[in-house]
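A short worksheet on the structure shown next.
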Number of protein chains: 2
Amino acid sequence: MPVVSYAGPEQRPIATVDIVLVTLNEDGLRLCLQRREYDPHAGELALIGGYVRPEEDADIEASARRILASKARLDGLYLEQVRSFGGPDRDPRGWSIAIVYLALVPDERLAAAEAAGAPRFERIDPDHCPPLPFDHGRLIAAALVRLRSKASYSTLPAFLLGEQFTLPELKAVYERAMGTPLNDSAFRRKLMEMQILEEIDAKASATAERKRPAQLYRLASRALTEFDRTV
Amino acid sequence: MPVVSYAGPEQRPIATVDIVLVTLNEDGLRLCLQRREYDPHAGELALIGGYVRPEEDADIEASARRILASKARLDGLYLEQVRSFGGPDRDPRGWSIAIVYLALVPDERLAAAEAAGAPRFERIDPDHCPPLPFDHGRLIAAALVRLRSKASYSTLPAFLLGEQFTLPELKAVYERAMGTPLNDSAFRRKLMEMQILEEIDAKASATAERKRPAQLYRLASRALTEFDRTV
DNA sequence: TTAATAGTGTCTCTCAGACATTATCAC
DNA sequence: GTGATAATGTCTGAGAGACACTATTAA
């Protein structure tokens, strides 16, 4: 059998990974955007991203983790591939493919990375995001659709919190991620029945804002868990 | 601002689109695989696929539709991107990215294309699929997970049928796609309440097998519709 | 004790599954 | 009519939402 001539290197599209990094602060969900260091669009606010590097990346997720490490000094985050976009006009450098990842980072971890010298991010309200370079707007839209829908049937929102959290905190994150209020007793009932949480032998401290201290929990599994029903 | 040196063409990964083409015949869901014409793995059964061609494709879905047209003489199918896989070892030609698409084709359309001279497909039971070249096994697994889960909350299974179908036929497709039996009256109730179907002024003909003829329906929208609940 | 949040118990209403019943065809 | 499939009607049980009620802390 003949080996057919195939697309040589000069005919290959550019391949990049772009990361929709999301955090949660007291105001709600926030996109983490950086000003671009280099052209095209140097100085403009955009997603962090970079080239897939065949010489060093073991797979696409490795590219994403390398980019998170180099541009945000973050590792071990929740990370999920969303989808890929391609076309001749989305990048002035030529026909390109962007593989989009959704990454979730607890507020404190992001602040700690910045305090330790990582490049700074601007936290942008996804509902009031200015126009972005390239087609980053639609990349973000795709990632947020994934976030919102998967929030309702998985432990995904918990990855916006630190390792320990209270039930009222967890409920608030679910509401923020899903964009809809939840019933309190039903939320407790379902999470307890699903045995997703482990009780920690400690309670959150009471403050002026927090009267009765709440029980602390952690995820029973450190990996994402999907439910057969909705929270 | 400087333009940073970027990954030149010689450092770009290979980019291909691979299509998990699924049909439904009297035996159930079937993968449509072809024997490869060229090396690597010439003569072996595999997914249809091809290179992303920057010089002619407007986006990645266009690559997928071009491949479906050229390798199966099929157009207008239900087509959905699943995800992308990448790595140094999945293709002997080098570090490559495969963008996986799920495509659904009604049995009669596929048979008609083959009768009209299109390359022939083998229909493979996904539950008894032999080992495949490259990493096509995991590409198929990812596509089938998508098919099975999306079946329960969308009109996706209907794209395995022709334009007109009866409710018992539709229920059977949902059961095949989801892999679980459904309650008959609940299925009718929900589909009717969701107003997804349009009644056609005709009934299926009765046969030795089909006693009372069933009402014919078509999808109210030719596009995929997602539900807020499960069928 | 009061105020504020955390957590529990219970009622009701909705909806899905089960299944009996009716309808419509070929023979 | 008989037999088979199509379609409808009704009962029941599980679970979600609503909300009243109890618990625990700071001040």
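FYI, side chains are in, hydrogens and waters are out, and symmetry mates aren't considered; it's all heavy atoms of this structure. First the proteins, then the strands, lettered A, B, ... as listed; each starts at 1.
- Separating the CZ atom of B/Phe165 from the C1' atom of D/dA6 is a distance of 16 Å, rounded to the nearest angstrom.
- Figure legend: A/Arg83 and A/Phe85 shown as a cation-pi pair, the cationic atom lying under 6.0 angstrom from the six-membered ring centre and within 45 degrees of its axis.
- Under the 4.0 Å criterion applied to side-chain N and carboxylate O atoms, A/Arg189 and A/Glu193 are not assigned as salt-bridge partners.
- Take the nearest nucleotide of DNA chain D for A/Lys203 and for B/Met192: the residue whose nucleotide is more 5' is B/Met192.
- Closest approach of A/Cys129 and A/Leu31 over heavy atoms only: SG-CD1, 4.1 Å.
- Rounded to whole angstrom, the span from the CZ atom of B/Arg212 across to the P atom of C/dT24 amounts to 6 Å.
- Scanning atom types as modelled, no donor and acceptor separated by under 3.5 angstrom connect the side chain of B/Arg188 and the base of D/dA7.
- Rounded to 10°, the angle separating the first-five-pair axis and the last-five-pair axis of the helix from C/dT1-D/dA27 to C/dC27-D/dG1 equals 0°.
- The shortest non-hydrogen separation linking A/Phe187 to A/Leu167 is CE2-O, 4.0 Å.
- Residues A/Pro126 and A/Leu144 come closest through the heavy atom pair CB-CD1, 3.6 Å.
- Under the 3.5 Å distance criterion, the side-chain polar atoms of B/Asp59 are matched with a main-chain donor or acceptor of B/Ala62.
- Evaluation of the salt bridge (charged side-chain N to carboxylate O under 4.0 Å, His left out) test over residues 97-121 of chain A, restricted to residues two or more places apart or in two chains, returns A/Asp75-A/Arg109, A/Glu114-A/Arg123.
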Query raised in the report: Going 5' to 3' along nucleotides 9-19 of chain C, which nucleotides have protein heavy atoms under 4.0 Å from the base (write B), which only from the sugar-phosphate (write S), and which from neither (write -)?
Result: BB-----BBBB
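- The interatomic distance linking A/Lys211 (NZ) with D/dT22 (P) rounds to 22 Å, in whole Å.
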